[in-house]
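Excluded from the calculations below are hydrogen atoms, water molecules and symmetry mates; all remaining heavy atoms, backbone and side chain alike, are included.
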Amino acid sequence: MASGNGSSLVTEFVLLGLTQQPELQLPLFFLFLGIYVVSMLGNLGLFILIYLNPHLHTPMYYFLFNLSFTDLCYSSVITPKMMMSFVKQNIISYAGCMAQLFFFAFFVIDECCILTSMAYDRYVAICKPLLYRVTMSYQVCLMLMVGGYVIGFTGGMAHTGCMLRLSFCNSNVINHYMCDIPPLLQLSCTSTAINELVVFIVVGVSIIVPSLTIFISYTLILFSILRIHSTKGRSKAFSTCSSHVIAVSLFFGSSAFIYFKSSPSGSKDEDKISTVFYTIVGPMMNPFIYSLRNKDVQVALQKTLKKRVLA
C-alpha cells in the first residue's frame with residue numbers, strides 16, 4: 001500500500017478470505033466452486049424456464065424471474081473473487097473494491113425489495129383473490145420492480161460514496177473475503193460517524209421496513225388461511241407460502257445478524273460464516289426452494305425438455 005493519509009493513495013487491498021488454515025484451502029475451493037456452478041445453473045435455468053413458458057408469465061413468476069436475475073448477478077460479484085483467496089493471495093484494487101461494494105449493496109438491497117414484493121403478492125392472492133388481477137396488474141408489478149432497482153442503486157451509491165470519503169492509512173488488509181462495509185470501516189483512520197449513520201439508515205430501511213411488511217403480510221395471510229374450512233384448501237394455501245418463508249428467513253436472518261450489532265467492530269469468523277449464507281448459499285438454494293415443490297415449474301420443465309428432445 002502506498003504511504004500517506006488519503007484514501008486516494010491506497011492502490012489495493014488484500015482480502016484474507018474465509019479462513020487462514022492451509023489444510024482447508026483446497027477443500028473449500030472445490031466446495032464453493034461447486035456451490036457457484038450449481039447456483040449459476042439453477043438460477044439461469046429458472047430464469048430461462050420462466051421466460052420460455054407463457055403460462056408462467058404471472059406476477060408470482062415475474063418476481064421470481066427478477067429474483068433469479070438478482071441472485072445470478074450478486075453471486076457473481078462475490079463468489080469468483082472469494083475463491084481466489086483459497087489458491088493465492090487475494091489482491092483487489094481500490095477501484096475494484098469500491099465497485100464490488102457498490103454492486104454488492106445494490107443487489108442485496110434489490111433482493112430485499114423483491115422478497116417484500118413477493119410477500120405482498122402472496123397476501124393479495126390469498127386474502128384478496130377476487131381483486132388479484134387488478135391489484136397485481138403488469139403496471140403495478142413493473143413499478144414494484146423498478147422501485148426495487150432504484151432503491152438498490154440509491155443505497156449502493158450512498159454506501160460507496162461515503163466509503164470514498166474515508167482515509168485508509170493503517171492497513172490495507174481486509175479481514176474478510178469481500179469488500180464489505182464493517183471490515184472496511186475498521187481500516188479507516190478517519191471518523192466513520194457518517195458511514196455508521198448511513199449504514200443505520202439504509203440497512204434499517206432495507207431490512208426493518210421489508211421485514212415489517214413481510215411480517216404483517218404473513219400475519220394477515222395466516223388469519224385468512226385459518227378461516228378456510230377445507231383442509232385441502234389450507235394445505236394448498238400454506239404450500240404457496242412455505243417456499244417464500246424459508247427464503248426470507250435465510251436471507252433476512254443472516255443479514256440482520258451482521259448489520260444490527262452495536263458497532264462495526266470488524267469481521268469475526270462468525271460474521272464471515274453468516275455472510276456466506278446470504279451471499280453464496282442463498283442464491284444457490286433459492287431456485288430449489290421455489291421449484292422442488294412447485295408443480296407449475298415442474299410441468300413447465302417437463303414441457304420444455306420434451307420440446308427440446310422432439311425438436
Side-chain angles (χ1 to χ4, degrees), residues 31-32 34-53 55-79 107-126 136 141 144-145 148 206-207 210-211 213-215 217-218 221-222 225 234-257 273-302 304-305:
L31 172 63
F32 284 102
I35 290 175
Y36 182 63
V37 171
V38 171
S39 178
M40 291 298 100
L41 292 176
N43 283 291
L44 186 60
L46 191 58
F47 183 89
I48 294 173
L49 193 66
I50 294 172
Y51 177 79
L52 292 177
N53 289 270
H55 77 277
L56 295 182
H57 294 178
T58 63
M60 174 182 172
Y61 294 104
Y62 176 73
F63 295 135
L64 189 54
F65 179 86
N66 282 273
L67 182 66
S68 295
F69 171 75
T70 300
D71 282 341
L72 274 169
C73 292
Y74 94 79
S75 181
S76 295
V77 168
I78 302 299
T79 312
F107 289 119
V108 166
I109 294 172
D110 181 49
E111 178 134 344
C112 291
C113 295
I114 295 174
L115 291 172
T116 306
S117 298
M118 293 174 77
Y120 178 68
D121 173 71
R122 292 301 84 204
Y123 159 73
V124 176
I126 294 174
M136 300 304 297
C141 294
L144 287 172
M145 288 300 93
S206 62
I207 291 182
S211 296
T213 303
I214 291 170
F215 177 77
S217 297
Y218 276 106
I221 288 171
L222 180 61
I225 290 175
R234 286 185 182 182
S235 177
K236 184 178 180 180
F238 273 121
S239 66
T240 61
C241 301
S242 59
S243 298
H244 187 250
V245 170
I246 294 171
V248 165
S249 300
L250 177 64
F251 182 84
F252 282 98
S254 54
S255 58
F257 176 82
I273 295 171
S274 295
T275 58
V276 164
F277 279 99
Y278 74 90
T279 60
I280 298 173
V281 176
M284 179 193 70
M285 294 296 296
N286 282 342
F288 300 99
I289 291 172
Y290 286 104
S291 62
L292 288 179
R293 297 178 59 190
N294 191 313
K295 292 183 179 179
D296 291 335
V297 173
Q298 292 172 5
V299 170
L301 180 60
Q302 291 174 0
T304 303
L305 291 176

Identify the heavy atoms of [X] and [Y] that sit nearest to each other, and give their distance.
X	Y	answer
P59	M136	CG-O, 3.4 Å
P210	C112	CB-O, 4.2 Å
A119	I221	O-CD1, 4.4 Å
L46	S68	CD2-OG, 3.5 Å
F32	I280	CD2-CG2, 3.9 Å
I109	S206	CG2-CB, 4.0 Å

Listed partners of Y123 passing ring pair (Phe, Tyr, Trp, His ring centres under 6.0 Å), at least two apart: none
Chi angles and distances behind the side-chain contact (heavy atoms from CB on, under 4.5 Å) call for S117, D121: CA-CA 6 Å; S117 298; D121 173 71; over 6 Å; no
Separation of [Y] [atom2] from [X] [atom1] (nearest 0.5 Å):
X	Y	atom1	atom2	value
N66	D110	CG	CG	7.5 Å
Y62	L56	OH	CG	15.0 Å
Y61	Y290	OH	OH	11.5 Å
I114	M145	CD1	CE	5.0 Å
L44	D71	CG	CG	12.5 Å
L52	F47	CG	CZ	10.0 Å

I want to check something: taking the side chain as every heavy atom from C-beta on, are [X] and [Y] in contact at a cut-off of under 4.5 Å?
X	Y	result
S217	T213	yes
V108	Y74	yes
E111	N286	yes

Whether F107 and F69 hold their rings parallel, tilted or perpendicular, with breakpoints at 30° and 60°: perpendicular
Main-chain N/O of T275 paired to T279 side chain as donor or acceptor, under 3.5 Å: yes
